[in-house]
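When a ligand or atom number is given, it counts from 1 through the structure's own listing order.
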Amino acid sequence: MKKTINIGLCGLGTVGSGVFRLFSSNADLIAQRTGTEIVITRVATLDRYDHLGLELSRTTVTRSVDDILGDDTIDIVVELIGGTGIAKEIILRALATDRSVVTANKALLAEYSKEVFEAAYGSRGSLGFEAAVAGGIPIIRSIRQGLAGDRIQAISGIVNGTANYILSAMTHNGIDFDTALKKAKQQGYAEADPTFDIEGIDSAHKLLLLMELAYHRYFDFNQLPIEGISKIDATDIAIARELGCVIKLLACTRQSQDGFEASVHPAMVRNDSMLASVSVACNAVSLQGDFAGHIMEYGAGAGSHPTASAVAADMIEISRALIEDRSPFMLPLMVPHDQLTDGRILPLEQTESAFCLRVDLNESSAERAAVLQCLTQQQIELKSLMLRSAGDDSRPVACLVVTTEKTSEGRVKAVLPVLQSLPSVIAPVKLIRMVD
Ligand code: HSE
């Protein structure tokens, strides 16, 4: 039986330093629970770390990941550098030498999922990626273990803390987009490139991982329709409020008879729904299992300590196997490799939703009637109509807000260029999905 598990930690940023603190702070508890010592014996970082106040007496700090990958005493390689460059090399090299890997790298796993998961299937090591989705919420374990007997029918969630922080600040504190983003960066929530957060890309990475795990299929990231929150303005927030909703960035998938629906998009969520109450940098994931029914998990989706907690859970699970002389190997996507197939995401036009349309136009009742006529000609069933005043006396502007019953996205999108071409329409027509 192994006495000590040696960890090589690559990256000492927000999450890496959190992992280090967790293993310092909870060392006794973890030793009690695992019957062994888990020691971070090597750390590779290019960043300064003296100001972090870490207890490094049992750790060798190096600037090169080769010092970790070349050290045969390292049992688990923890990749917390992020991105798709050196991180990919670390993971593939470690798996190729049958070492276990733990990572929070959703971008890499989503964009190179086939390559990385195939490497994991071919290794005697394990690939832990709990921290890649929804920070401190153990959603991967919920699917893998808690719902192991269920067919997952649908998943919808708020899985980007930064975007949720920004939307919450705009909704509840009247803070503008840029100030809210700055604050999210200061808190360590945002990605190195915050475009990933605000344009929905980070949410899409996480959604793709959940889909691959839940449906046992590889999906092409480029097929996933993604719309972010950068075009959401104070008027959209006010309109949502008047409709009894809040705007959230949702990552959604559903398995229907026709195939797999999936997309990331801003949506108006009714105030009385559970997702509406998820604020600041929190995440929530709602799952529909065919036997378990509806389950929702809520918690901190970003930040140093919550993400470190998820990384530690994978490290501890692998350590338990190693100290019991069991193979740490886990089927990365729950089924044997030869049972994985390629999945196709249905074009968004073939899916259905209720919508809120916002048409900004010069005050003219004739044009308002024309807007409504366009919609009814397309057989789009209207649910409500609201006219808001904007502009001033010299240039009166109206904002026509129409909500629809559930209808096909293709049908609504077909009407957008027609509306846009009306002479009085003075801004891009906005379309926001509405969900219960
Ligand atoms: N930038 C991510 C977020 C970090 O804001 O949710 C956690 O994945």
(message) Residues around ligand 1, heavy atom under 4.0 Å from any ligand atom, sorted by chain and number. Can you pull those?
(response) Lys106, Asn160, Gly161, Thr162, Tyr189, Ala190, Glu191, Asp197, Asp202, Lys206, Gly301, Ala302

(request) For Glu55, enumerate each residue passing the side-chain hydrogen bond (donor to acceptor under 3.5 Å, both in side chains) test, keeping only those at least two apart in sequence or located in another chain. (result) Ser57

(request) Given side-chain contact (heavy atoms from CB on, under 4.5 Å), test Val246 with Arg241 step by step and report yes or no. (result) CA-CA 6 Å; Val246 284; Arg241 185 175 292 126; over 6 Å; no

(request) Measure the spacing between CD1 of Ile76 and CG of Asn6 and express it to the nearest 0.5 Å. (result) 9.5 Å

(request) Kindly write out the residues that satisfy side-chain hydrogen bond (donor to acceptor under 3.5 Å, both in side chains) with Lys183, not counting sequence neighbours, or none if the list is empty. (result) none

(message) Quick one: does any side-chain atom of Thr97 pair with a main-chain N or O of Arg93 as donor and acceptor, under 3.5 Å?
(response) yes

(request) Under the side-chain hydrogen bond (donor to acceptor under 3.5 Å, both in side chains) rule, collect the residues that match up with Asp338, sequence neighbours excluded. (result) none

